[in-house]
Number of protein chains: 2
Amino acid sequence: MAKRLETMEENRNKLVAAARKAFADRGFAAASMDELTADVGLTRGALYHNFGDKRGLFAAVVHQIDSEMALRAKEIARLADGDWQRLLAEGEAYIEMALDPEVQRIVLLDGPAVLGDPSKWPSQNSCLAATRQTVSTLLERKVIKPLDEEAAARLLSGAALNAALWVAASDSPKEVLPKAIEAFRAIASGLLAVDQS
Amino acid sequence: MAKRLETMEENRNKLVAAARKAFADRGFAAASMDELTADVGLTRGALYHNFGDKRGLFAAVVHQIDSEMALRAKEIARLADGDWQRLLAEGEAYIEMALDPEVQRIVLLDGPAVLGDPSKWPSQNSCLAATRQTVSTLLERKVIKPLDEEAAARLLSGAALNAALWVAASDSPKEVLPKAIEAFRAIASGLLAVDQS
DNA sequence: TCATTTGATATACGGTCCGTATGTGAAATA
DNA sequence: TATTTCACATACGGACCGTATATCAAATGA
């Protein structure tokens, strides 16, 4: 019987869930591992055994959120009508996802400071990956200018990211969101190859 | 005589200089205030009297770096030939400045995590401000599409920022820098109003 | 010039937190 | 049933931050 593994799995899930809440509410630095583990009836012993250290637990939380974002990005892409529309839709979806306080605090603010450049994360930043994939297709079909694939993907996701941070920091997010999306579309159109002549 | 004020100023400068080095080398969290102050022959007493707390000292460092960036941005803008060229030049300058490890670690990585959204910093993020200024001019002269001023400025600086992080994280920065700049120009051109018909 | 006050910095202290080393008890194993 | 394993708890050491208090040179005023 595998009761050991089962409860171990449960405990890991409990810890990640508690950590997700703590990191989102207080930020990485201010989140107390003692408090977090006690909240789910464990001690730091379980934490250090399962995740190595505080950063390890943080990385697990980032990975979880990133997976959820990837799932949503895939769904968005599936619904899109054509490659170019898909690129726009992915960017807009990224902007909207970044409005979630959890995503902002954990993935966008603390993430890079704690784990370094997103391209080196274990979760490999699914949203960037999705954009890169779509850009790759558009490059093949010569829909967009012959730019470096990674460069184009980075700039697009970077623009979307900053748009999201702006929207989130504004006084009336619901009001500026359309402006952000409009600007994103404009900027993205700069990649188009056509001088529709 | 104002000897008190004079040495106080000196001490502040010493502390900021030491902090700049420590924060750049180790990051905000790992920088020890004890060690930092001892390096310049002081104790934490001076630090807490002059800057309030660790974050206060960090904010002072960010402000100093930001001022230097603003100075450089102004010089770049002055040399540019025309408003549109100025916008491009500012963006490219931003990318290049972000290659400096000090700028990356302190302003781009730890800055947002420690101080929150750049738009609320005491230094008010001079590079973003410069871009906003230029965008404003271009909007008045109808050189670019009638977008929200703040949105356009944010997306542009966001794209430049991510481009810089990508270049910096790459294996051969000097090789990918031109690709990043090329992509930035493409994206920026999406803002242009002309359907050059 | 000298006594007094001010305040910039040093010193001392308490509390929190992290990472590790060691203990423990239930589950797996034979 | 005896033994081993190992996931987790407990205990410890050390670093660090922020504050409260002390100190001493510089400023002030007579």
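What you see below is based on every heavy atom in this structure, not just the backbone, and it leaves out hydrogens, waters and symmetry mates. Protein chains get the first letters and strands the later ones, always in sequence-line order, with residue 1 at the start of each. In this text the structure is predicted, and so the values were computed from the model without any measurement.
- What separates CG of Asp53(A) from P of dC17(C) is a distance of 17 Å, to the nearest Å.
- Using a 4.0 Å cut-off between charged side-chain N and carboxylate O, Glu182(A) and Lys179(A) make no salt bridge.
- When the P atom of dT22(C) is taken as reference, atom NE2 of His49(A) falls 17 Å away, rounded to whole Å.
- No contact: Gly56(A) has no heavy atom under 4.0 Å from any strand.
- Contact annotation for Leu47(A): no contact, since no heavy-atom pair falls under 4.0 Å across all strands.
- dC16(D) atom C1' lies 13 Å from atom CG of Leu36(B), rounded to whole Å.
- Residue-level contact check: Ala29(B) touches neither bases nor backbone, having no heavy atom under 4.0 Å from any strand.
- Counted within 6.0 Å of NZ on Lys21(A), heavy atoms from surrounding residues, nucleotides or ligands total 12 or fewer; the atom is thus considered open.
- Computed from coordinates, the Tyr48(A) OH to dG23(C) P distance equals 21 Å when rounded to whole Å.
- The side-chain contact (heavy atoms from CB on, under 4.5 Å) test with Arg12(A) is passed by exactly one of Glu10(A), Glu9(A), Lys14(A): Glu9(A).
- Map Leu5(B) and Phe28(B) each onto its nearest nucleotide of DNA chain D; the residue landing nearer the 5' end is Phe28(B).
- In this structure, Arg72(B) does not pair ionically with Glu75(B), as no charged nitrogen and carboxylate oxygen lie closer than 4.0 Å.
- Between Leu42(A) atom CG and dT24(C) atom P there is a gap of 20 Å when expressed in whole angstrom units.
- Atom CZ of Arg26(A) and atom P of dT16(C) are 13 Å apart (whole Å).
- Considering only side-chain atoms of Arg44(A), the nucleotide from dG19(C), dC8(D), dT11(C) that sits closest is dG19(C).
- dA8(C) atom C1' lies 6 Å from atom CE of Met8(B), rounded to whole Å.
- Note: Leu99(A) CG to Gln104(A) CD = 7.0 Å, rounded to the nearest 0.5 Å.
- Here dC17(D) presents its C1' atom at 13 Å from CG of Leu57(B), a figure rounded to the nearest Å.
- Relative to the side chain of Lys54(A), the nucleotides dT11(C), dG19(C), dG18(D) differ in distance, and dG19(C) lies closest.
- Applying the 4.0 Å criterion to OP1 and OP2 of dA7(D), one finds that Asn11(A) has every side-chain N and O outside that range.
- Among the heavy atoms of the strands lying under 4.0 Å from Ser32(A) are primed sugar atoms or P, OP1, OP2 only; no base atom is included.
- Ala30(B) comes within contact range of no nucleotide atom at all, as no heavy-atom separation falls under 4.0 Å.
- The Asn50(B) side chain lies nearest to dT9(C) when the options are dT9(C), dT19(D), dC8(D).
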